[in-house]
Amino acid sequence: MLSERHRTERTTLFTEIRQGLVLLIRSRRIAVVALWGGLVNFAGSLTFAVLALYLVAPGPVGLDTWGFGLLMASLGAGGLVGASLAGRLAARVGELRLLTLSCAFMAADSIALALTTQVWAIALGLLVGSASAAVFGVMAITALQRVTPDSHLSRVSAGNQLVMMGGTALGGVAAGVLGEVTGDLRVGFATAAVLLLSSTLMRAVVPTAHGRLEPERDGNGDTMDESETPSS
């Protein structure tokens, strides 16, 4: 009985994820937001998968473990700042514009790592990059919820998580391959910066109305929401 229930739960989970991926593919608006997040995670993993090798001795920066820990604290500080300011910034500049700007500023840490071994510059880059990443995460989730019908939100969220985690895994593999082939970890950092800056162009293919992402609508122009019942 217990194993049968667990088997049913697993089947239901996989079915939800599969249905979410189908919905991602069918809707251009939802697909763009999900792929944007996956690409950002891929670029971020290009940097962070090999970050310790670059920062800690005998890496180029030459930090000890205490120095590395203190430098990583800037990531947490940046994340707290970004998450706390995301709502107020969105109200000022608009959700989609903020999503785009935060994607561009996320390249700050990769640029700093690619160009210098100065600890203060790297710390500043990590602070700006992590704050921007927190803002991007909030805005991406908001955008996904805004363009997804309530009746499909759980399935789309599952599919979106699969895309984003897939981007993280592939980025880690790519970072290792680039480092091994080139012998220079900065190649991965530079690649991440280029990807993040160029991915801001994805804004051009996100359908908008007055700078805000809007919910999907059915053939009659009505919002697709599970709380609405079809007319007879």
Side-chain angles (χ1 to χ4, degrees), residues 36-93 95 97-143 161 164-165 167-176 178-179 182 184-200 202:
W36 201 347
L39 181 58
V40 164
N41 274 22
F42 177 87
S45 193
L46 275 177
T47 294
F48 287 96
V50 295
L51 187 59
L53 296 176
Y54 186 75
L55 294 179
V56 179
V61 179
L63 295 176
D64 59 17
T65 53
W66 281 99
F68 178 73
L70 291 174
L71 194 58
M72 290 300 96
S74 62
L75 290 173
L80 287 173
V81 171
S84 62
L85 293 179
R88 280 176 282 182
L89 290 173
R92 286 179 175 272
V93 303
E95 292 174 1
R97 187 175 292 111
L98 183 58
L99 187 67
T100 307
L101 289 173
S102 62
C103 182
F105 278 103
M106 282 173 65
D109 48 20
S110 300
I111 292 173
L113 288 162
L115 295 180
T116 183
T117 57
Q118 294 294 319
V119 175
W120 68 267
I122 293 174
L124 180 60
L126 290 172
L127 182 67
V128 173
S130 61
S132 302
V135 172
F136 183 91
V138 171
M139 291 298 100
I141 293 173
T142 300
Q161 286 298 315
M164 294 182 68
M165 294 302 102
T168 300
L170 291 174
V173 173
L178 282 174
T182 65
D184 190 345
L185 297 178
R186 292 175 298 178
V187 174
F189 303 151
T191 303
V194 170
L195 284 175
L196 288 169
L197 291 173
S198 61
S199 66
T200 60
M202 293 189 75

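Note that the structure is predicted; figures quoted are calculated from it, not measured. The figures here come from the full heavy-atom set of this structure, side chains too, leaving out hydrogens, waters and symmetry mates. When a residue number appears, it is its place in the shown sequence, counting from 1.
Among all heavy-atom pairs drawn from Leu195 and Ala43, the shortest one is CB-CB, 4.1 Å. Considering all non-hydrogen atoms of both residues, Gly78 and Ser130 come closest at CA-OG, 3.2 Å. Listed here is the closest heavy atom pair of Leu39 and Ser199: CD2-CB, 3.4 Å. The minimum heavy-atom distance between Phe105 and Val128, with the atom names listed, is O-CG1, 4.0 Å. Residue Ala108 comes nearest to Gly129 through the heavy atom pair CB-N, 4.2 Å, listed as atom of the first residue, atom of the second, then distance. Ala190 and Ala114 get closest at one heavy-atom pair: N-CB, 4.0 Å.
Rounding to the nearest 0.5 angstrom, the gap separating the CZ atom in Phe68 from the CG atom in Leu63 is 8.5 Å. Leu70 CG to Thr65 OG1: the interatomic distance, rounded to the nearest 0.5 Å, is 9.5 Å. Between the CG atom of Leu51 and the CG atom of Leu71 there is a distance of 7.5 Å, given to the nearest 0.5 Å. For the atom pair CE (Met106) and OG1 (Thr200), the distance works out to 12.0 Å, reported to the nearest 0.5 Å. Separation of atoms CH2 (Trp36) and CG (Asn41) is listed at 13.5 Å; rounding is to 0.5 Å. The OG atom of Ser102 sits 12.5 Å away from the CG atom of Leu85 when rounded to the nearest 0.5 Å.
Looking only at distances, a side-chain donor or acceptor of Tyr54 sits under 3.5 Å from a matching main-chain atom of Leu113. Under a 3.5 Å cut-off, the side chain of Thr168 and the backbone N or O of Met164 do form a donor-acceptor pair. The closest donor-acceptor contact from the side chain of Ser45 to the backbone of Phe42 lies at 3.5 Å or more, if one exists at all.
Side-chain contact between Leu115 and Phe189: absent, with no pair of heavy atoms (C-beta onward) separated by less than 4.5 Å. Using a 4.5 Å heavy-atom threshold, the side chains of Leu99 and Phe136 count as touching.
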